[in-house]
Every structure is written in C-alpha cells, then in structure tokens.
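Residue numbers begin at 1 in each chain, while the letters A, B, ... track the order of the sequences.
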2 protein chains.
Amino acid sequence: MAVVRRTREDWTAAALAALAEGGLAAVAVEPLAARAGATKGSVYWHFPTRDALVEATLLRWEHEHTEAVIAHAEQGATPVERLHRLISAVVRPERGVDVELALQSSLGDPLVAAAVARVGSRRMDYVVTLFTQLGFTRAQARRRAATAYSIYLGQAQLQRANPAVVPRTPAAKRAYVADVMLILLAQPDGDG
Amino acid sequence: MAVVRRTREDWTAAALAALAEGGLAAVAVEPLAARAGATKGSVYWHFPTRDALVEATLLRWEHEHTEAVIAHAEQGATPVERLHRLISAVVRPERGVDVELALQSSLGDPLVAAAVARVGSRRMDYVVTLFTQLGFTRAQARRRAATAYSIYLGQAQLQRANPAVVPRTPAAKRAYVADVMLILLAQPDGDG
DNA sequence: CGCCTTCCATACGGGACCGTATGGTTTGAC
DNA sequence: GTCAAACCATACGGTCCCGTATGGAAGGCG
C-alpha cells in the first residue's frame with residue numbers, strides 16, 4: 001500500500017496551484033487536503049494555522065518568482081534589449097502569471113498586500129535603474145518606470161478581463177511590443 | 001419612532017459601498033443588513049437571492065460609472081484634451097475607483113467578469129476612436145488604446161499595492177501626466 | 001376604523017470552513 | 001523487536017454566511 005507522506009513543500013505547492021486557479025479564497029485547508037487525497041490533520045501538523053500556510057506559500061512564490069522577471073530581462077545585452085525582454089514577458093505570458101494576478105486580486109489580505117508590495121518595489125527599483133542606464137534623468141526614469149510597470153500590470157489584467165482587446169497573433173504581438181518600446185523610449189520634454 | 005423603510009436602491013447603494021471597501025466578499029447579506037441597522041428579512045424581500053443583489057449592484061455601477069469616465073473626457077474640446085482628461089482621471093482618482101479595483105479583484109465571479117468585460121470593451125472602443133481622431137491608423141490606434149487603458153488599469157493597481165512608487169505631489173502628478181501624454185502621442189514607426 | 005398589501009424582524013436549518021483533540025499508524029534509532 | 005518521534009485520520013465544536021418560514025408592524029384606502 002502506497003502510504004503517502006506529505007512535506008511542507010508539498011502543501012505550499014498545492015496552495016500555489018489553488019491560488020493560481022481560484023485566488024486566495026481557494027487556499028482553504030479542507031478543500032486543499034481533500035484534493036490532495038488527505039485530510040486537515042496533515043496540513044495542521046505542518047502548519048499551525050491557515051495563515052501560516054498562506055504566508056509560507058507567499059514566501060515561496062516571492063523567492064521563486066520575484067527575481068524571475070528580472071533574471072529573464074537581465075539576459076539581454078543592452079538596456080534596450082533588457083527592456084524589450086521585460087515588455088515581451090507580459091504580452092507573451094509564461095507560467096506564474098496566474099498567481100501574480102490572483103495575488104493582485106487579493107490585496108485585501110494584509111499578508112498578500114505585504115508580499116505584493118515587496119515584489120513590486122523590488123521590480124520598480126530594477127526598472128528605474130534600467131531607464132537611468134538608458135540615459136534618462138532620475139526623475140524621468142522614475143516616471144517611465146512607473147508607466148512601464150503600469151503597462152505590465154494593466155496588460156496582465158486586460159488579458160484576463162478583456163482578452164479580446166489584447167493582441168493575439170504573433171505578428172500583432174510583435175507590432176505591439178515594438179510600439180510600446182518606441183513609446184517608452186520616446187525623447188522626454190526637456191524640463192526634468 | 002423613525003421606522004425606516006428601505007428601497008431596492010438603498011440596498012444596491014449599501015452593496016456598492018461594501019464592494020468598494022471589502023471587495024465582492026463583503027457584499028454579504030447578513031453583514032450588509034447589520035450595518036444598515038436592519039436584518040436579512042429586508043434584503044430577501046427586495047431580492048430573491050444574494051446573486052440577484054450582486055447583479056443589481058453591478059448593473060447600477062455599470063450604468064452610473066461606465067460612461068462616467070467617458071463623459072468626463074468628452075468635456076475636452078480637442079482629442080488631445082480629451083486624452084489628457086482621461087489620463088488625469090486615474091492619476092488624480094475621484095470616487096468610484098475603489099469599486100473599479102474591487103471588481104477587477106473579483107473576476108473569478110462570472111457576474112463580475114461579465115460586467116467588467118462589457119465596461120472594458122466599451123471604454124476601449126472610445127479610446128480607439130480617440131486615437132483615430134488623433135490621426136493614427138486603425139491598427140495603430142488599437143495598439144495605443146490598449147496601452148493607454150493598460151496604463152489606466154496598472155496605475156490604479158499601483159496606487160493600491162505600491163502607493164510609494166506613484167507620483168504624489170501635485171507637481172509630480174502634472175509632470176507624470178505630461179510624460180504619459182507625450183508617450184502616448186509619440187510618432188509611431190511607419191509600418192503599421 | 002377595518003383591511004389588505006407592503007415591508008421587515010425573528011427563528012430556524014444547512015453548508016463551508018477553521019481550529020482542536022485524540023488516537024492510531026508509520027518510521028527510524030537502537 | 002522496542003520505543004519514541006513523526007505523521008495523519010477521524011471526530012468534534014465553533015463561526016459565518018445563505019436561504020426559508022412565519023408572524024407581525026406600517027402605510028394606503030375604502
């Protein structure tokens with residue numbers, strides 16, 4: 001008889017999956033256990049409370065995916081190339097975007113709000129340095145970074161809420177990314 | 001004795017308030033009634049079910065606020081001015097943005113998803129016409145509209161999740177809006 | 001004033017989930 | 001093989017919410 005044993009990581013993995021599918025509310029001890037073919041007893045042995053499970057799950061996501069976007073961008077040689085990779089990552093979403101959106105959808109929870117805030121400012125810092133590398137002044141870089149990150153977030157939402165208005169064919173996506181790049185690199189007004 | 005009577009509209013109003021504060025989950029019959037100094041009996045007289053209340057609330061929001069942004073923008077004389085009013089509306093948020101975000105946060109619910117989709121495409125249509133009025137080709141207008149709306153959505157999210165990275169002082173806001181305008185009106189590449 | 005309709009409070013049953021208690025089974029050390 | 005620790009199932013009490021049932025008060029109308 002295959003008597004299965006679960007680790008802490010098994011449960012955070014299951015929680016991540018549930019989070020991606022059904023949002024924070026889906027990270028519920030009993031349904032989670034049932035889906036894993038186990039019972040609450042297991043979960044409550046590994047975690048003192050549901051919040052502890054949520055927190056561990058968020059921490060795991062933070063460690064695994066915070067730097068993911070940045071790391072992917074950093075593979076670009078020039079700043080322009082890095083920005084391009086950054087923008088493309090949203091328009092051509094990979095894995096993990098579901099969790100991203102689910103979290104943005106549960107900012108009511110203080111644990112989630114804290115995690116999202118940490119990740120957000122970390123990313124913003126990166127994009128700001130990117131734009132300073134591109135020759136923008138500090139203030140101007142901050143503005144462009146805010147816009148770039150807004151486009152990132154907004155685009156992610158649009159794909160979920162209004163997939164019809166988002167570019168779908170590869171050609172359309174390429175054209176769209178190109179236009180966003182052109183936009184973000186536009187010469188600013190000369191008043192800092 | 002001020003024996004209060006509630007109308008259907010009283011309840012959708014209360015639901016809207018709760019929606020803005022606590023998201024869709026806060027639109028719960030019993031808490032809503034308690035907060036209004038009434039009981040479930042009243043709610044369930046006006047609405048057959050909770051979903052009916054939610055649907056009526058969404059419909060009300062849709063009617064009251066879908067066109068609100070557009071109407072506000074339409075007070076601008078030129079297309080550029082209209083776009084400017086549109087962008088400013090996010091950076092300098094008025095009332096109703098809370099509900100907007102709460103809904104975007106509850107796309108899991110099919111009722112919400114439908115309402116948000118309707119409003120979204122309605123707004124996109126408007127922004128597309130705005131960009132065509134500005135002399136962009138149809139394809140290019142669609143791209144810029146998608147970007148503009150993404151900035152709108154993303155900026156709204158940023159204000160909630162990372163208020164630190166968003167321009168705060170009036171001067172900073174003005175500079176930011178100016179830069180976004182400059183960006184959105186940038187001369188596109190000649191192939192679209 | 002009587003009466004009917006509109007509106008609402010109270011009371012109840014049910015479901016989903018959290019957290020605790022407790023005892024049983026498996027595992028590894030010796 | 002013994003034993004303690006690790007792991008988990010079962011069962012329970014509690015909370016919050018949904019929805020129903022039912023009786024009663026409020027307001028118009030004859």
Write down the atom of B/A161, the atom of A/V116, and the distance for their closest heavy-atom approach.
CB-CG1, 3.9 Å

CH2 of A/W45 versus P of D/dT10: gap in Å, rounded?
19 Å

Pair A/Y149-B/L158, side-chain contact (heavy atoms from CB on, under 4.5 Å): steps then yes or no
CA-CA 9 Å; A/Y149 197 44; B/L158 269 186; 3.7 Å; yes

Could you give the CG-to-C1' distance, from A/L32 to C/dC18, as a whole number of Å?
14 Å

Would A/R60 and A/T12 count as having a side-chain donor-acceptor pair, cut-off 3.5 Å?
yes

Assuming nearest nucleotide by heavy-atom distance, tell me which of A/D51 and A/R5 is located more 5' along DNA chain C.
A/D51

Would you indicate, yes or no, if D/dA6 has its OP1 or OP2 atom less than 4.0 angstrom from a side-chain nitrogen or oxygen of A/H46?
no

Testing the basics here: between A/R144 and A/Q187, what is the closest heavy-atom pair and its distance to 0.1 Å?
NH2-C, 4.4 Å

Strand-adjacent residues in residues 10-28 of chain A, judged by heavy atoms under 4.0 Å from DNA chain C:
A/A28

Regarding A/T39, tell me which of base, sugar-phosphate or nothing describes its non-hydrogen contacts under 4.0 Å with the strands shown.
base

Taking only the side-chain heavy atoms of A/R6 (C-beta and beyond), determine which of D/dA9, C/dC18, D/dC17 contains the nearest atom.
D/dA9

Can you work out whether A/A38 or B/G41 has the more 5'-proximal nearest nucleotide on DNA chain D?
A/A38

Could you check whether any side-chain N or O of B/S121 sits under 3.5 Å from a backbone N or O of B/R118, counting only pairs where one atom can act as donor and the other as acceptor?
yes

How close or far is atom C1' of C/dC8 from atom CZ of B/F47, stated in whole angstroms?
15 Å

Please identify which of these residues, A/L103, A/V112, A/V54, meets the side chain to side chain contact (heavy atoms under 4.5 Å, CB included) condition with A/L19.
A/L103

Separation of D/dC16 atom P from B/R50 atom CZ, nearest Å, is 17 Å

Find the distance B/E30:CD to C/dC8:P and express it as a whole number of Å.
17 Å

Using atom types as modelled, flag every donor-acceptor pair under 3.5 Å from a side chain in residues 22-31 of chain A to any protein atom, sequence neighbours excluded.
residue : atom : partner : partner atom : Å
A/E30   : OE2  : A/K40   : NZ           : 3.1

Any idea which of D/dA9, C/dC17, D/dC18 is nearest the B/Y44 side chain?
D/dC18

